[in-house]
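Keep in mind that this is a model prediction, so the values were computed, not measured. Just follow the structure's listing: the first ligand is 1, and inside any ligand the first atom is 1. All heavy atoms count here, side chains included; hydrogens, waters and symmetry mates do not.
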Amino acid sequence: MPGRILIVEDETDLARTLVYALNREGFQAAHSVTGRGGLDLAQGDPAFDLVLLDLMLPDMPGTEVCRQLRADPRTRDILVLMLTARGEEIDRVVGFEVGTDDYLVKPFSVRELILRIRALLRRVQAATPTEGKLAWGPLRLDLDGHRCWLDGEVVPLTAVEFKLLGRLMARRGRVQTRAMLVDTVWGSESDIGERTVDATVKRLREKLGHAGAFVETLRGVGYRFVDQAEGAPS
Ligand code: CA
């Protein structure tokens, strides 16, 4: 499952070690010492699968880099694993708000880092539609035909409800803030408010019956489609 990893880290010794270790594992690693440089690399070509993002960078905080990655359609879906030093542990809610996928506290072992990276990449791979179809547990989506089945029965969803469910399922296990959902489901030009997101999620949950609980609320942050549940494949 090798992938392209961008390391944004101002401790050059650590960064060098990580580049070496990741390349040895078959990944292709690139490195920037500043947040701005990291954003430039991420927005350029070719695409990265994951960013290892240090929280304390010389020019801007890692949280701001993450916010900017999430705000740009080119980099919106990149996985972000935040690296923090002991004592500057990032607040879980702040991490979710800016859209980080996971975080690791320094010092960490290279082995642990690689396990985390593989777990994140696997999750994304498992949620990637094949031939326009997305399935998870009792739910099946036909993305081209805009149809949804629950336990084999068609669920009548509106276009927006379908898009919302598809987005959440395709990014299962990853937090989606209301602002991110407005952007990706309604479009960044739309002027709908976050309450509309909540109302749409509520209607979607009702229509999904027992599968409605797969859409979790993260209070004050947004929503997340569960990554694992009883009776569903992990
Ligand atoms: Ca640092």
message = Glu161 vs Lys207, test: side-chain contact (heavy atoms from CB on, under 4.5 Å). Steps then yes/no.
response = CA-CA 10 Å; Glu161 289 160 0; Lys207 289 189 180 180; 2.7 Å; yes
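- Comment: Glu11 does not engage Arg16 in a salt bridge, judged by the lack of any side-chain N to carboxylate O separation of less than 4.0 angstrom.
- With Arg116 contributing its side chain and Tyr103 its backbone, the two residues share a donor-acceptor pair below 3.5 Å.
- Using a cut-off of 3.0 Å, one finds that Asp54 contributes an N/O/S atom close to the Ca ion (ligand 1).
- At a threshold of 4.0 Å, the pair Arg76-Asp183 counts as salt-bridged, since one of the basic side-chain nitrogens sits closer than that to a carboxylate oxygen.
- Within Asp10, the N, O or S atom at minimum distance from the Ca ion (ligand 1) carries the name OD1.
- Checking Glu9 against the Ca ion (ligand 1), every N/O/S atom stays at or beyond the 3.0 Å cut-off.
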